[in-house]
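Remarks on the structure that follows.
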Number of protein chains: 2
Amino acid sequence: MTRVLVVDDDTALLRALAINLRARHFDVETAGDGATALRKAASTGPDLVVLDLGLPDMDGVEVVAGLRGWTSVPIIVLSARDTQSAKVDALDAGADDYMTKPFGMDELIARIRAALRRAAPEPTSPVLVTPDFTVDLSAKRVTRDGAPVRLTPTEWHVLEVLVRNLGKLVTQQQLLREVWGPSYVEETHYLRVYLAQLRRKLEPEPSRPRHLITEPGIGYRFEVERQGSGRTGA
Amino acid sequence: MTRVLVVDDDTALLRALAINLRARHFDVETAGDGATALRKAASTGPDLVVLDLGLPDMDGVEVVAGLRGWTSVPIIVLSARDTQSAKVDALDAGADDYMTKPFGMDELIARIRAALRRAAPEPTSPVLVTPDFTVDLSAKRVTRDGAPVRLTPTEWHVLEVLVRNLGKLVTQQQLLREVWGPSYVEETHYLRVYLAQLRRKLEPEPSRPRHLITEPGIGYRFEVERQGSGRTGA
DNA sequence: TGTCGGCGTCAAGGACCCGTCAAGATCCCG
DNA sequence: CGGGATCTTGACGGGTCCTTGACGCCGACA
């Protein structure tokens with residue numbers, strides 16, 4: 001489910017936005033000030049941010065800059081200010097869109113759809129190949145030594161999330177929320193069980209995993225062989 | 001040079017747009033109707049399209065659909081119509097942005113910049129590079145000499161806060177509140193321990209740190225060398 | 001020059017987390 | 001209604017990480 005972080009100090013508007021977005025089947029997180037917004041964005045990794053510029057603790061443009069320092073998540077800015085310079089500042093800081101309050105809900109939803117559509121194109125090929133096994137995301141198939149590997153639905157779901165975030169660390173909360181739902185973010189035991197099962201089915205040495213890597217206390221990471229120069233080219 | 005195709009049946013506005021865009025060093029093509037727009041888009045392959053919806057020969061939304069049939073070039077729509085449904089229709093047809101006439105030239109330019117920025121292929125995540133190690137905030141990964149560095153959750157959190165405030169002084173209270181919570185702002189000893197651990201893992205000479213700098217009595221600062229290093233932002 | 005506070009370093013204990021196995025509980029399909 | 005696969009839950013050993021204390025160094029200051 002698409003995760004949207006909504007940032008606004010107006011609790012009434014915040015609630016209205018959350019209700020409308022949830023009715024459209026978005027997974028909504030909220031924040032009432034800039035510091036909370038930056039913290040929640042870092043911890044939950046949303047797919048899109050709706051950001052009101054008028055925050056109590058810091059300038060909205062600073063929040064945009066703070067996000068842009070580490071993520072390219074789409075940002076749609078809301079503001080009561082209708083001047084050109086305000087819009088130019090926000091957009092040049094890294095915002096993707098700027099809407100002036102009051103705004104129409106349908107238009108906001110449409111702009112959210114447009115922003116997500118732009119961000120959507122996954123350049124990664126649907127099939128991932130490692131020396132030990134291959135994962136075909138579109139066909140939902142895993143092959144090892146040419147033979148298909150039998151995965152349970154939950155096992156596949158966990159693997160899928162990790163592969164979609166290839167090389168990136170996925171926090172335990174992210175995984176649990178994505179696979180089991182928001183109310184299961186505490187059940188870290190599930191992860192241990194299922195990661196162990198996946199490793200037993202996929203890793204050549206399950207006790208010394210090469211791809212399904214644990215980052216103790218944080219989460220898991222799907223590691224791809226990075227042979228040759230570890231160039232992190234721009 | 002960035003090529004922009006401007007489509008409008010109002011020749012005066014068309015000329016004004018062309019002049020302004022050329023002054024900003026864009027390479028401008030123009031079209032006065034939908035058929036010409038589609039033909040020119042196909043032949044010249046612009047990097048961005050500015051499209052007035054009010055065209056003499058066909059509906060602007062059809063032009064959007066016609067372009068989206070074969071290209072994902074960013075499209076910024078101009079229109080005199082200010083209704084929500086008009087905006088929703090255009091955006092859902094595949095437009096990237098919608099501006100209501102009359103509009104400010106500076107805002108249009110800013111939205112063009114934003115659209116081009118998004119379209120710019122930047123598959124790699126923003127990374128902080130120093131001569132000694134690299135920090136990938138998005139992937140939560142630290143690399144030194146090409147090999148990943150193992151950080152504990154707390155070590156990573158401290159480093160993350162410092163890197164997010166690149167070059168800026170972070171007070172001890174800020175760090176403690178962010179990483180350990182508001183009730184730990186007195187525990188400055190934690191900082192000494194963890195900064196030492198980070199230096200041991202990251203600095204070439206832990207006793208003479210080049211990046212994790214102490215500001216005695218105040219806090220800490222992440223320092224980057226000016227020469228040859230820097231952020232490759234989004 | 002002596003004192004004091006802040007900083008860096010090291011080490012140890014205990015809490016916490018991870019991997020593993022296995023036994024119910026539940027779901028799904030025949 | 002029955003059986004198998006799958007999911008949940010519990011227990012436990014081993015390892016990691018956080019916390020805490022002790023100590024030396026250095027600069028500020030009297």
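Only a predicted model underlies this, so the values are computations on that prediction, with no experimental measurement involved. Residue numbers begin at 1 in each chain, while the letters A, B, ... track the order of the sequences.
Looking at B:D96 and B:R68, a side-chain N of the basic residue comes within less than 4.0 Å of a carboxylate O on the acidic one, giving a salt bridge. Note on B:D106 versus B:R111: no salt bridge recorded, every NZ/NE/NH1/NH2 to OD/OE distance being 4.0 Å or above. A salt bridge does not link A:K168 with B:D136: every distance from a Lys NZ or Arg NE/NH1/NH2 to an Asp or Glu carboxylate oxygen is 4.0 Å or more. Taking 4.0 Å as the cut-off between side-chain N and carboxylate O, B:R141 and A:E223 count as a salt-bridged pair. Between B:D132 and B:R210 there is a salt bridge, since a side-chain N of the basic residue sits under 4.0 Å from a carboxylate O of the acidic one.
In terms of modelled atom types and a separation under 3.5 Å, the side chain of A:R144 and the main chain of A:F133 share no donor-acceptor contact.
Side-chain contact, A:D47 with A:T2: no donor N or O sits under 3.5 Å from an acceptor N or O. In the model, B:R199 has a side-chain atom that pairs as donor or acceptor with a side-chain atom of B:T214 under 3.5 Å.
Of the residues in residues 184-202 of chain A, A:H189, A:Y190, A:V193, A:Y194 come within less than 4.0 Å of DNA chain D through at least one heavy atom, sorted by number. Contacts between residues 203-215 of chain A and DNA chain C, defined by a heavy-atom separation below 4.0 Å, involve A:S207, A:T214, listed by number.
For A:R24, the CZ atom counts as densely surrounded, since its 6.0 Å shell holds more than 12 non-hydrogen atoms of other residues, nucleotides or ligands.
For DNA chain D, the outermost nucleotides in 5' to 3' order that have an atom under 4.0 Å from a heavy atom of chain A are D:dT6 to D:dA11.
Classified by interplanar angle (parallel below 30°, tilted 30° to 60°, perpendicular above 60°), the ring pair B:Y184/B:Y190 is tilted.
In this structure, the CG atom of B:L175 is 15 Å from the C1' atom of C:dC7, given to the nearest Å. One can place CD1 of B:I218 at 13 Å from C1' of C:dG6, the figure rounded to the nearest angstrom. Distance A:L176 CG to C:dC17 P: 13 Å, rounded to the nearest Å.
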